[in-house]
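Inspection log for the structure reproduced underneath, given as structure tokens.
Values reported hereafter were calculated over all heavy atoms of this structure, with side chains retained and with hydrogens, waters and symmetry mates removed. By convention in this document, chain letters (A, B, ...) are assigned in the order of the sequence lines, proteins followed by strands, and residues within each chain are numbered from 1.
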Amino acid sequence: MRYQRPRGTNDILPDDTPLWNRVEETFRTLCKHYGYHEIRTPIFEDTDLFTRSMGEHTDVVSKEMYTFTDRGGRLITLKPEGTAPVVRAYVENNLAAQGGVSKLYYITPIFRYERPQAGRYRQAHQLGVEAIGSQHPALDAEVIALAMHFYREMGITRLSLVLNSVGCPVCRPVYRERLREFAKPFVHELCDACQTRFDLNPLRMLDCKRERCRTLLHDAPDIIESLCEECRTHFDALRAYLDALQIPYVVDKHLVRGFDYYTKTAFEIVSDALGAQNALGGGGRYDGLVEEIGGPPTPGIGFALGIERAIIVLKELGLAQAKRETVDVFVAALGEDATLPALQLLQALREAGMSAEMDYQRRSLKGQMKLADRLGSRITLMLGEEELAQGVVTLRDMVTKEQRFVPVDDVVPQVIRALQPEHA
RNA sequence: GCGGCUGUAGCUCAGCUGGUCCAGAGCGCCUGACUGUGGCUCAGGAGGUCGUGGGUUCGAAUCCCAUCAGCCGCCCCA
């Protein structure tokens, strides 16, 4: 029986892991600079956490979650996003007690049962940030700046920041009703999906891609003009900050994010280097989420970036050349008698802090030299009958091709010296 | 969940109006060209259930059906 990985999942092979690590390290370093600390939460949670926070009528909750009953009869879900678990952990562990704003970051797999496509997988990976405990728009600006900084740091340029405000519990219901009233006369001319949205989540009608719906809703009331005083002030302040930080963006009043917990700021980062799945990342403010999850009323904002999508763009833009991982020293052993001494030599080199390799397939010296070359070794040590008899090893510089005998006892220091760049 | 395209050696692909294809190329891999020496060149070699399962036919990688997987669009978003 040949097995294949479950649909929509990926094996990340050694050819790609260096790139993945570069992405993750870049993010970690940046988070450190911005004052965010890593948090790790379980890969599964009570199903209810997600239905409550994201909203039971959202696509993800209603048809994309990996949900199952465990042996104890608990209803469990593999996390489909990163925010709710972090907020749950924030509340459960009373991180608020530490005072100030909790600035957290995470790197996590997420699971959604969707039809796979390039850039859309059933197990995907996200880099994310959550800043909980302040409603100051400066925090919105910081979070967005961090996301944009990350892409700049990676060299990704073909992207744009799309911004909107989706209001708050004060102004959104009012706007929602205005929208419903506007659409009421022609609901039946809208597509099936929008007719459902009309009842459950009218705002989502705004970002329907169908030409017919777009036309009908073209003159719909503007959410930004319907914002309450507080939301409007917040949005204006954020825009002023972004302008001052010279972070370019476009306001798209049709941008609506997929989860119910968003309030005020909503943003997405899109790239035309991706296909239909063009969002590199997105996020927004969620001032009611902490309370919804059982904590005290506490504002928050965050974002999540897709690692797979970042990598697709990096490859698309030719920025994925991972510098080959090379080895410092290769030890060529000739014959069985040389195997043990070679192994000891390897160990000594490694313990001295160098990377060292040897052959385990009984290749000829020629074969071992080819291997040494392929591994990119700068130094090759040779150990055969002659060397064993004299208590020496042959040290060959692979670049200059110079080689000489070195007493076994002195090999490690000699190799270290030979590896010094100024010595080359 | 809907519509469409694709699936041949490790990789990239040719072959596909059915029959010298008991399937080929390039790259990669292995071996050899001074039986102790690399990156070039040359010569050999290993490696394929032609995604899988049925069917049509004297005969199928080539046609049909189903299934699995990937991809494109929709949807949704990371």
## Note on the structure
In Watson-Crick or G-U wobble terms, with both distances under 3.5 Å, the base opposite B:A46 is none
### Message
What's A:E386 touching, base or sugar-phosphate or nothing? Going by heavy atoms closer than 4.0 Å.
### Response
base
### Task
Tell whether A:R115 reaches the base of B:G3 with its side chain through a donor-acceptor pair below 3.5 angstrom.
yes
### Query
According to a strict under-4.0 Å criterion, is A:R363 in side-chain N/O contact with OP1 or OP2 of B:C30?
yes
### A:R122 CZ to B:C77 P, straight-line distance once rounded to whole Å
17 Å
#### Entry: Paired nucleotide for B:G24 [Watson-Crick or G-U wobble; both distances under 3.5 Å]
B:C13
### Task
Compare the minimum distances between each of B:G38, B:C71, B:C77 and the side chain of A:R112, then state the nucleotide with the smallest one.
B:C77
### Query
Got a sec? Which of residues 258-267 of chain A come in under 4.0 Å of RNA chain B, heavy atoms?
A:G258, A:F259
### Rounded P spacing from B:G4 to B:A9 in Å
27 Å
### Task
Considering only atom P, compute the distance from B:C50 to B:G7 and round it to an integer number of Å.
14 Å
### Message
Taking the P atom in each of B:C11 and B:G28, what is the distance between them to the nearest angstrom?
### Response
15 Å
### Query
How many Å lie between CG on A:L13 and P on B:G10, as a whole number?
14 Å
### CD-CG distance between A:E268 and A:L161, expressed to the nearest 0.5 angstrom
10.0 Å
### Message
Distance check needed: B:G36 P versus A:D359 CG, whole Å only.
### Response
15 Å
### Query
With a 4.0 Å cut-off on heavy atoms, is A:Q4 in touch with a base, just the backbone sugar-phosphate, or nothing at all?
sugar-phosphate
#### Entry: B:A46 and B:G32, which share atom name P, separated by this distance in whole Å
16 Å
### Message
Using a 4.0 Å heavy-atom cut-off, does A:Q403 contact any base of the nucleic acid, only the sugar-phosphate backbone, or nothing at all?
### Response
base
### Message
I'd like the P distance from B:G18 over to B:C77, given in whole Å.
### Response
48 Å
### Query
With a 4.0 Å cut-off on heavy atoms, is A:E387 in touch with a base, just the backbone sugar-phosphate, or nothing at all?
base
### Message
For the CD1 atom of A:I301 and the CG atom of A:D140, what is their distance to the nearest 0.5 Å?
### Response
3.5 Å
### Message
Rounded to the nearest 0.5 Å, what separates atom CD1 in A:I43 from atom OH in A:Y66?
### Response
13.0 Å
### Message
Contact between A:K32 and A:E38 at the side-chain level, heavy atoms closer than 4.5 Å - yes or no?
### Response
no
### Task
Please give the nucleotide sitting opposite B:C40 as a Watson-Crick or G-U wobble pair, both distances under 3.5 Å, or none.
none
### Message
Please tell me whether A:T394 and A:E387 have a donor and an acceptor in their side chains that are separated by less than 3.5 angstrom.
### Response
yes
### Query
Do the ring planes of A:F27 and A:F150 sit parallel (below 30°), tilted (30 to 60°) or perpendicular (above 60°)?
perpendicular
### Query
Starting at NZ of A:K370 and ending at P of B:G28, how long is that distance when rounded to a whole Å?
10 Å
### Task
To the nearest 0.5 angstrom, please state how far the CD1 atom of A:I156 sits from the CE atom of A:M148.
10.5 Å
### Query
If we take the C1' atom in both B:U67 and B:C29, what is their distance in whole Å?
34 Å
### Query
Looking for any heavy atom pair under 4.0 Å, which part of the strands does A:R7 touch: base, sugar-phosphate only, or nothing?
sugar-phosphate
### Query
Within the structure shown, what part of the strands sits under 4.0 Å from A:G8 by heavy-atom distance: base, sugar-phosphate, or nothing?
sugar-phosphate
### Message
Between B:A60 and B:C42, how far apart are the two C1' atoms, rounded to whole Å?
### Response
39 Å
### Task
Take atom P in B:C5 and the same atom in B:A61, then report the distance between them in whole Å.
23 Å
### Task
Could you tell me the separation between the CH2 atom of A:W20 and the P atom of B:A78, rounded to a whole number of Å?
16 Å
### Message
Does A:G119 reach a base, just sugar-phosphate, or nothing at all? Heavy atoms under 4.0 Å.
### Response
base
### Query
With no hydrogens and no angle check, do the side chains of A:Y286 and A:E130 hold a donor and an acceptor under 3.5 Å apart?
yes
## Note on the structure
Value for CE (A:M358) from CG (A:L349), rounded to nearest 0.5 Å, stands at 12.0 Å
### Query
For A:E114 and B:G1, what is the distance between atoms CD and C1' respectively, to the nearest whole Å?
11 Å
### Message
Nearest 0.5 angstrom please: A:L104 CG to A:R40 CZ, how far?
### Response
13.5 Å
### Query
If you check the A:Q117 side chain, which of B:C77, B:U37, B:C75 turns out closest?
B:C75
### Task
Using only side-chain N and O atoms of A:R374, determine if any of them is under 4.0 Å from OP1 or OP2 of B:C29.
yes
### Query
With sugar-phosphate meaning primed atoms plus P, OP1 and OP2, does A:A118 contact a base, only sugar-phosphate, or nothing at under 4.0 Å between heavy atoms?
sugar-phosphate
### Message
Using a heavy-atom cut-off of 4.0 Å across all strands, would you classify A:E268 as base, sugar-phosphate, or nothing?
### Response
nothing
## Note on the structure
Partner of B:C5 under the Watson-Crick or G-U wobble criteria, both distances under 3.5 Å, comes out as B:G70
#### Entry: Distance in angstrom units between A:L159 CG and B:C77 C1', rounded
17 Å
### Message
So for A:R120 and B:A78, does any side-chain atom that can act as donor or acceptor lie under 3.5 Å from a complementary atom in the base?
### Response
no
### Value in whole Å for how far the P atom of B:U37 lies from CG of A:L375
19 Å
### Query
Which part of the nucleic acid, if any, lies within reach of A:L371 when heavy atoms closer than 4.0 Å are counted: base, sugar-phosphate only, or nothing?
nothing
### Query
When the nearest nucleotide of RNA chain B is assigned to A:M398 and to A:Y113 on a heavy-atom basis, which residue is associated with the more 5' position?
A:Y113
### Message
Taking the minimum atom-to-atom distance to the side chain of A:M369, which one of B:G38, B:G70, B:C77 wins?
### Response
B:G38
### Task
Classify the side chain of A:N278 and the base of B:C77 as holding, or not holding, a donor-acceptor pair under 3.5 Å.
yes
### Query
What class does the angle between the rings of A:Y262 and A:F259 fall in, given that below 30° is parallel, 30 to 60° is tilted and above 60° is perpendicular?
parallel
### Task
Identify, between A:T394 and A:I269, the residue whose nearest nucleotide on RNA chain B lies closer to the 5' end.
A:T394
